[in-house]
Amino acid sequence: MNVADSQRVGSALERLGYSFTGTLEEADVIVLNTCVVRQSAEEKAYGRLSSIKPLKTKNPALVVNLMGCLVGIRDNEKLRDRFPYVDVFSAPSDPGPLVSFLTQADARNIDSSETVNRFAIMDGDLVLPEHERGKLVAAHVPVVLGCSHACTFCIIPSRRGAERSRPAEQVLAEARALVTQGVKEITLLGQIVDRYGKDLPEGPNLATLLHALHQVEGLERIRFLTSHPNYFGEDIMQAVAELPRVMPHIEIPVQAGDDEVLKNMRRGYTQAGYREIVQKIRERIPGSSIATDIIVGFPGESEAQFMQTYHLLEDLRLDVAHLARYSTRPGTVAERRFTDDVAEEEKMRRFRLLEELQEKIVGEINRGYLGKKVEVLFEDKVKNRWRGRTPTNKLVFTETEQDLRGKVVPVSVTWTGPWSMQARI
Ligand code: SF4
């Protein structure tokens with residue numbers, strides 16, 4: 001989400017006449033876009049902010065913009081006191097405060113009545129900043145901002161605000177614009193992307209949005225994330241199953257395999273419910289891949305409860321498991337209500353157990369691809385090998401002198417490992 005937001009800030013600045021530099025010392029404007037999903041990320045953001053201070057001291061005309069979840073949607077007085085050298089504070093996904101600041105402070109005579117047009121960047125036309133145009137094959141498109149779910153461990157709702165869907169026309173305009181800028185694949189983003197449109201009076205919903213995007217000429221692939229077991233409905237499954245350019249890869253976090261832990265997390269479903277949804281996905285979308293997220297060591301998680309998660313993963317044999325060790329996030333319900341009582345070494349042990357299990361499972365799943373023909377959309381070249389992904393989101397490397405960037409090419413898989421595959425054309 002932050003990468004997508006930064007791209008949009010970049011192109012908004014270009015509309016004002018700025019251009020990108022990779023050298024911090026050269027910059028007239030520095031935008032620090034922050035993530036605070038974990039305390040360690042927040043500390044890193046503070047560290048980065050402090051490293052910008054000497055530049056501001058040396059060059060008082062430098063504009064420093066702090067953006068993203070560190071700023072949040074309200075109450076940033078403390079931040080303003082702590083970092084007086086920051087000129088502009090912007091909430092996640094909002095280039096507005098920076099654009100206003102620059103157009104008022106800038107002496108380059110930009111007509112302020114144009115401000116609305118400059119915001120139109122969020123409605124379409126130029127989405128990527130110049131240095132990424134024509135180079136980026138896959139891009140992200142935020143469609144739902146914020147989240148209203150309030151899982152007890154999560155800071156996102158308080159930082160990104162309540163759930164808001166972007167109008168379908170904006171999303172479609174942005175997709176068309178991205179295609180003209182060389183993009184072949186878009187991934188629709190939302191904290192619970194399945195809830196797209198639930199707050200829009202006339203709809204549409206995610207399924208109808210997928211149908212509409214499927215008509216966009218030149219768009220080869222469409223993905224979306226993240227799904228939630230309570231909202232991933234039949235209509236979305238059907239859209240994925242019947243639309244060939246919507247990729248059969250579902251990111252649907254379970255977080256824990258024990259019902260009491262799930263209740264304490266306030267996820268809103270049970271282990272049995274999750275198993276059921278996985279089974280349905282496999283029935284309705286044959287050949288699909290499924291990814292999940294798991295947190296180990298949530299407060300109060302006993303060995304027996306952890307083993308429920310272990311067995312769930314063992315039984316379901318999913319393609320990806322993003323694993324995390326629980327850490328207390330100040331400002332969350334979990335911080336107020338529970339004690340972080342699983343020892344760090346124990347969290348690590350549980351993490352490693354799941355990691356080993358998942359490595360074995362995905363190694364076996366990927367071996368099934370050996371000798372098979374798959375269609376890969378190639379994105380870039382890394383150390384002489386082209387890198388791309390299958391519809392099921394498996395990473396594939398191919399050696400060839402041909403220019404494969406942005407092309408969907410059928411390849412034969414010659415080697416597989418748990419994290420990637422090799423193939424030849
Ligand atoms: S669904 Fe839960 S974990 Fe995901 S963003 Fe919303 S509150 Fe956080």
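All ligand and atom numbering here is 1-based and tracks the order in the structure. Excluded from the calculations below are hydrogen atoms, water molecules and symmetry mates; all remaining heavy atoms, backbone and side chain alike, are included.
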| task | Take atom 6 (Fe) of ligand 1 as the centre and count protein N, O or S atoms at distances under 2.8 Å. | result | 1
| task | Cation-pi check, R385 to F397: give yes when NZ or CZ is under 6.0 Å from the six-membered ring centre and within 45° of the ring axis, no otherwise. | result | yes
| remark: side-chain hydrogen bond (donor to acceptor under 3.5 Å, both in side chains) filter on E379, not counting sequence neighbours, yields R389
| request: Say whether R160 and ligand 1 are in contact under the criterion: heavy-atom distance to a ligand atom below 4.0 Å. | output: no
| query | Does the pair E220/R245 count as a salt bridge with the N-to-O cut at 4.0 Å? | reply | no
| query | Can a donor-acceptor pair be found between the side chains of E283 and Q279 at a distance below 3.5 Å? | reply | yes
| task | For the residue pair E132 and Q7, confirm or rule out a side-chain donor-acceptor distance under 3.5 Å. | result | yes
| task | Measure centre to centre between the rings of F83 and Y46, then say whether the value is under 6.0 Å. | result | yes
